[in-house]
Protein chains: 2
Amino acid sequence: MGEALRTEAVEDYLKAIYLLESAGRAASTAALAAHLEVSAPSVTGMLKKLASLKLVRHVPYRGVSLTMAGRKIALEVIRHHRLLERYLAEALGYPWEKVHAEAERLEHHISEEFEDRIAAWLGHPVTDPHGDPIPDKDGTLPRQTGLRLTEAGAGEAVVIERVAAQDAGQLNYLGSLGLRPEAAVTFLGQAPYDGPVHVRVGTTEHHVGVNLARQIFVRRVASPKGAAA
Amino acid sequence: MGEALRTEAVEDYLKAIYLLESAGRAASTAALAAHLEVSAPSVTGMLKKLASLKLVRHVPYRGVSLTMAGRKIALEVIRHHRLLERYLAEALGYPWEKVHAEAERLEHHISEEFEDRIAAWLGHPVTDPHGDPIPDKDGTLPRQTGLRLTEAGAGEAVVIERVAAQDAGQLNYLGSLGLRPEAAVTFLGQAPYDGPVHVRVGTTEHHVGVNLARQIFVRRVASPKGAAA
DNA sequence: ATTCCGATTTAGCCGAACCTAAAGATGGGC
DNA sequence: GCCCATCTTTAGGTTCGGCTAAATCGGAAT
């Protein structure tokens, strides 16, 4: 006992709590209900169960936080998810906007052996196709250093590190523009009053709505070979 | 509605009924209970549900048979299972005695897109690693023509078509002897009183217990290049 | 300090799929 | 033709994870 309680629902809740926590947002009942598409009372009920299992700390009316044991499970599920996304993209040619849904289905059902085999096949990657870090088997995560594209200096050359958009249509659109992890782009600036963001990819310029652009995280690039003054 | 009822349990029952039917054995409550590792009353309950969904015909105290709708679902699940087995073996290097357990986990959770992509990757194979036929997308099955190894004529050259053993240890053993689908072997004969079966694989002879040998299905081979009188 | 609104929890319920214990059907042996 | 062992179903109950409706909490605004 202790392993028997790892139902799909339990794993889903722990993952959702982890993702909310790591996005800086509070893991409130309402946020979890929205994330998991269940009613608020269902969330309360499950949180009480998770607390009794010592997987979360639950302060009534104040939300939850993961215990070490809960975080461990969450990271295992996230590792499965992100490895699967990467595998689906690389081994089976899935377009990046479709990998999430399929990985979501499979993440609870793969064995440790499957996990190990796809990780080895992929060469133990550290990020998924969206640029999100893949937790190590022992639960350590590569540090994300990025800033938002919109926070770069005007005219600055950057490399896309991560695209946080979830919607398949948005991802497909960004992909068609070449705005995906590892792409080198130049942030040209932003029109006033939350206007569109101007960005150069290769030789073409694109305008991207602010809300979408804010989902793009980049890292500064040292100097794109001999470009410094 | 009509799709919503395809729970994992429903799919498992339909698959088990199909496999029992196609093995010639009656789909009795007891047989299903043994196969699915649940109690007999649980089976009765589910059969009533399946009957109300028009997926099986249930004559109380007489067992069940699949309707067309039920057979369709069973074949879809079996297609998933066998495609997965093949994919795990070929794409990820799983040994054949391990593919069954992993496919069992995943078969209910892959999307149609995943099914299509692995089928294409494999080149639309018609058998799984055990030699069992993979149903087509429209539900048609390649016909199995084989006879049991023990039914071949003494001294006859045959090709293994299918290995029906389920146990991982047995499969591992047979594999280590080279007794796997597509292997060309010669049936040398059988010791009296249900004694071991003698078979030649390549240049070496092996003795295999009758019960295990009876799980091996073969097809007669025309003439192994210039071997005829 | 009081009110009020939104967020949360409690209370009570449902369906799916399992279980055990007990009752009922079937069919083989005599 | 009857009896009995075996198989199957009925009866009643559990757990899990969801739901709605109603009560309650807590913080923001007056």
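The chains referred to below are lettered A, B, ... by the order of the sequence lines, with proteins before strands, and numbering in each begins at 1.
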With a 4.0 Å limit, can you tell me whether [X] has a side-chain N or O closer than that to the phosphate oxygens OP1/OP2 of [N]?
{"X": "A:Arg62", "N": "D:dG27", "answer": "yes"}
{"X": "A:Thr29", "N": "C:dT9", "answer": "yes"}
{"X": "B:Tyr13", "N": "C:dC18", "answer": "yes"}
{"X": "A:His58", "N": "C:dT8", "answer": "no"}
{"X": "A:Thr7", "N": "D:dC16", "answer": "no"}
{"X": "A:Lys49", "N": "D:dT15", "answer": "no"}

Nearest whole Å is fine: how far is [N] [atom2] from [X] [atom1]?
{"X": "B:Leu32", "N": "C:dC18", "atom1": "CG", "atom2": "C1'", "value": "16 Å"}
{"X": "A:Asp12", "N": "D:dG17", "atom1": "CG", "atom2": "P", "value": "11 Å"}
{"X": "B:Leu47", "N": "D:dT8", "atom1": "CG", "atom2": "C1'", "value": "10 Å"}
{"X": "B:Met46", "N": "C:dC19", "atom1": "CE", "atom2": "C1'", "value": "14 Å"}
{"X": "A:Arg6", "N": "D:dG17", "atom1": "CZ", "atom2": "P", "value": "14 Å"}
{"X": "A:Leu50", "N": "D:dC16", "atom1": "CG", "atom2": "P", "value": "12 Å"}
{"X": "A:Leu5", "N": "D:dG17", "atom1": "CG", "atom2": "C1'", "value": "15 Å"}
{"X": "B:Glu8", "N": "C:dA17", "atom1": "CD", "atom2": "P", "value": "10 Å"}

Taking only Lys NZ, Arg NE, NH1 and NH2, and the carboxylate oxygens of Asp or Glu, determine whether [X] and [Y] approach each other closer than 4.0 Å.
{"X": "B:Arg82", "Y": "B:Glu85", "result": "no"}
{"X": "A:Glu76", "Y": "A:Lys137", "result": "no"}
{"X": "B:Arg86", "Y": "B:Glu90", "result": "yes"}
{"X": "A:Glu21", "Y": "A:Arg71", "result": "yes"}

Looking at the side chain of B:Thr44, which of D:dC16, D:dT9, C:dT8 is the nearest nucleotide?
->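 Within the option list, the nearest is D:dT9.
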For A:Leu20 and A:Ala31, which heavy atoms make the closest approach, and how far apart are they?
->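 Shortest heavy-atom separation between A:Leu20 and A:Ala31 comes out as CD1-CB, 3.8 Å.
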For this output row, return yes or no: ring centroids of B:His81 and B:His100 closer than 6.0 angstrom.
->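 Between B:His100 and B:His81, which both carry aromatic rings, the centre distance is below 6.0 Å.
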Picking from B:His80, B:Glu104, B:His35, what satisfies side chain to side chain donor-acceptor pair (under 3.5 Å) with B:Lys15?
->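 The side chain to side chain donor-acceptor pair (under 3.5 Å) with B:Lys15 is passed solely by B:Glu104 among B:His80, B:Glu104, B:His35.
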Heavy atoms under 4.0 Å is the rule here; annotate nucleotides 19-25 of chain D 5' to 3' with B where the base is hit, S where only the sugar-phosphate is, and - elsewhere.
-> BBB--BS
